[in-house]
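What follows is a single structure, written as structure tokens, with notes after it.
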Amino acid sequence: MPELPEVETIRRTLAGHLTDARVTGVRLIWPGAFQGWGELDFAGILTGKRIQGLERRGKYLLIHLDEGWSLVAHMRMTGRLLYFSASQEIGPHTRGVFELNQGELHFQDVRKFGRILAVPSAAVNEVRGLAALGPEPLEQEFTPDVLRNRLRGKKTCLKSALLDQRVLAGLGNIYTDEALFRARLSPERPAASLEREEAEKLTAAIKEVLKAGIEAQGTSFRDYRDANGRKGEFQRSLQVYGRQGQLCTACGGILVSKRLGGRTAVFCPACQV
DNA sequence: ATACTCCCCTGTGGGC
DNA sequence: TGCCCACAGGGGAGTA
């Protein structure tokens with residue numbers, strides 16, 4: 001579910017509530033979502049620790065605790081981290097509750113794909129998935145040259161390459177479709193075929209659409225909510241995602257959807273070349 | 001290494 | 001109306 005703008009919004013809406021809070025207890029309702037470290041169990045690691053700060057890397061949310069521990073959380077498709085200032089009844093999809101000295105943090109996840117790991121802060125970079133993460137698209141270091149280098153030698157289409165978190169971190173199905181439309185590039189283009197000028201357009205489009213997504217506090221196409229349970233607004237600004245069969249906002253043609261690398265891409269076959 | 005497909009789950013919406 | 005199937009903001013395992 002959450003892509004970079006949604007995870008960033010969760011981080012921002014959670015930071016004020018959690019920073020300096022102490023974990024007083026942990027209730028694992030569906031333990032499969034939580035993983036400890038070696039012989040140390042998840043609840044044992046957390047209990048008593050104080051939260052020092054929150055960090056985002058790609059679609060991962062890192063919650064840094066004192067005494068050298070961190071939580072690595074990934075929402076996958078339907079995960080939510082919700083903060084409540086007072087004790088709150090659990091819902092049917094609540095997989096775990098972090099009791100704090102002030103309030104509670106609930107992890108909800110309909111599809112049970114999301115995971116939260118407790119790891120030594122020094123070992124965060126070794127966590128599978130995090131280890132091979134590509135560059136952060138909103139950092140200055142992410143340039144057209146970097147993008148072209150990352151796509152060099154790839155045999156897949158542009159859409160699949162952009163979804164590969166090792167190429168760059170944080171794009172998912174919504175924002176790849178939107179970025180490709182803004183750059184007027186077809187998702188079917190061979191990833192390695194971008195000319196210099198096209199890479200410039202795509203780099204700019206990726207940065208713009210992610211910034212706009214963050215500004216709108218994410219896309220609530222269906223499940224996504226921030227830490228306060230609020231929806232985002234970016235679904236109102238989507239130009240292609242979910243609009244197959246509707247009119248292209250640029251040329252008035254019909255948007256098409258096509259399965260590429262196991263995911264659905266929506267695009268304008270006339271505008272995007 | 002790279003690039004596919006399948007799979008993990010539950011809920012929903014469209015077609016019949 | 002009800003049933004069945006396909007599909008859903010993701011990514012890991014397994015396979016060529």
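Convention: sequence-line order gives letters A, B, ...; per-chain numbering from 1.
- Regarding A:Lys112, its NZ atom lies at a distance of 8 Å from the C1' atom of B:dT10, rounded to whole Å.
- Taking CG of A:Leu180 as the start and CG of A:Leu185 as the end, the distance is 6.5 Å to the nearest 0.5 Å.
- Side-chain N/O atoms of A:Arg115 include none lying less than 4.0 angstrom from OP1 or OP2 on C:dG11.
- Position along DNA chain C of the nearest nucleotide to A:Arg111 versus A:Leu130 favours A:Arg111 as the more 5'-ward residue.
- At the phosphate of C:dA8, OP1 or OP2 sits under 4.0 Å from a side-chain N or O atom of A:Thr264.
- A:Glu215 and A:Lys211 are not joined by a salt bridge, as no carboxylate oxygen comes within less than 4.0 angstrom of a charged side-chain nitrogen.
- Computed from coordinates, the A:Asp109 CG to B:dC8 C1' distance equals 11 Å when rounded to whole Å.
- Counting all heavy atoms, side chain and backbone alike, A:Arg115 lies closest to A:Phe107 at N-CZ, 4.4 Å.
- Residue-nucleotide stacking is present for A:Phe113 and B:dC8, judged by a side-chain ring centre under 5.5 Å from the six-membered base ring centre and planes under 30° apart.
- By the side-chain contact (heavy atoms from CB on, under 4.5 Å) test, A:Val256 pairs with A:Phe267, A:Pro269, sequence neighbours left out.
- DNA chain C lies under 4.0 Å from at least one heavy atom of each of the following residues of residues 172-190 of chain A: A:Gly172, A:Asn173, A:Ile174.
- Between A:Phe42 and A:Phe34, the ring planes are tilted. Angles from 30° to 60° get that label.
- Between A:Leu81 atom CG and C:dG9 atom C1' there is a gap of 15 Å when expressed in whole angstrom units.
- A distance-only check finds a donor-acceptor pair linking the side chain of A:Glu6 to the backbone of A:Thr219 [under 3.5 Å].
- Scanning residues 54-63 of chain A for heavy-atom distances under 4.0 Å to DNA chain B yields an empty list.
- Applying the ring-ring contact (aromatic ring centres under 6.0 Å, His included) rule to pairs touching residues 130-183 of chain A yields A:Tyr175-A:Phe234, sequence neighbours excluded.
- Among pairs with a residue in residues 133-147 of chain A, those fulfilling salt bridge (charged side-chain N to carboxylate O under 4.0 Å, His left out) read A:Arg56-A:Glu136, A:Asp145-A:Arg196, at least two apart in sequence or across chains.
- The interatomic distance linking A:Gln244 (CD) with C:dA6 (P) rounds to 17 Å, in whole Å.
- Put simply, the side chain of A:Thr13 does not reach to within 4.5 Å of the side chain of A:Arg230, judged on heavy atoms.
- Here the shortest heavy-atom pairing between A:Asn173 and A:Glu3 reads N-OE2, 3.3 Å.
- For the P atom pair drawn from B:dT5 and C:dC7, the interatomic distance equals 13 Å after rounding to whole Å.
- Here the shortest heavy-atom pairing between A:Arg95 and A:Val110 reads NH2-O, 3.1 Å.
- Judged as a salt bridge (charged side-chain N to carboxylate O under 4.0 Å, His left out), and not counting sequence neighbours, A:Glu208 has no contacts.
- Separating the P atom of C:dG12 from that of B:dA1 is a span of 16 Å, rounded to the nearest Å.
- In this structure A:Glu99 satisfies the salt bridge (charged side-chain N to carboxylate O under 4.0 Å, His left out) test together with A:Arg27, sequence neighbours excluded.
- For A:Leu62 against A:Arg57, the heavy-atom pair with the smallest separation is CD1-NE, 3.7 Å.
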Can you give me the N/O atom pairs linking the protein to nucleotides 3-7 of chain B at distances under 3.5 Å, or say none if there are none?
from, atom 1, to, atom 2, distance (Å)
B:dA3, OP1, A:Lys155, N, 2.4

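- Rounded to the nearest Å, the gap between the P atom of B:dG11 and that of C:dG11 is 22 Å.
- With contacts defined as side-chain heavy-atom distances shorter than 4.5 Å, the pair A:Arg150/A:Pro135 qualifies.
- You'll find that the side chain of A:Arg76 is closest to C:dG12, out of C:dC7, C:dG12, B:dT10.
- What separates CG of A:Leu238 from C1' of C:dG9 is a distance of 11 Å, to the nearest Å.
- With rounding to whole Å, A:Leu4 atom CG is found 11 Å from C:dG11 atom P.
- In terms of the side-chain contact (heavy atoms from CB on, under 4.5 Å) criterion, residue partners of A:Arg50 (sequence neighbours excluded) are, by chain and number, A:Asp20, A:Arg22, A:Gln52, A:Asp66.
- Here C:dG9 presents its P atom at 16 Å from CD1 of A:Ile10, a figure rounded to the nearest Å.
- Atom-to-atom, NE2 of A:His74 to C1' of C:dG12 comes out at 11 Å; the value is rounded to the nearest Å.
- Checking C:dG12, B:dT10, C:dG9 against the side-chain heavy atoms of A:Phe221 singles out C:dG9 as nearest.
- Rounded to the nearest Å, the gap between the C1' atom of C:dA6 and that of B:dC6 is 15 Å.
- Comparing C:dG12, C:dA8, B:dC9 by their nearest atom to the side chain of A:Tyr241 picks out C:dA8.
- Taking syn as a glycosidic angle within 90° of 0, C:dG9 qualifies as syn.
- Shown here are the salt bridge (charged side-chain N to carboxylate O under 4.0 Å, His left out) partners of A:Asp164, two or more places apart in sequence or in another chain: A:Arg166.
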Atom pairs, N/O to N/O, protein against nucleotides 11-16 of chain B, distance under 3.5 Å?
from, atom 1, to, atom 2, distance (Å)
B:dG11, OP1, A:His93, NE2, 3.1

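- Using a 4.5 Å heavy-atom threshold, the side chains of A:Leu82 and A:Gln88 count as separate.
- Every stem involving DNA chain B, taken as at least 3 paired positions in a row under the Watson-Crick or G-U wobble test at 3.5 Å, is listed here: B:2-8 with C:10-16, B:10-16 with C:2-8.
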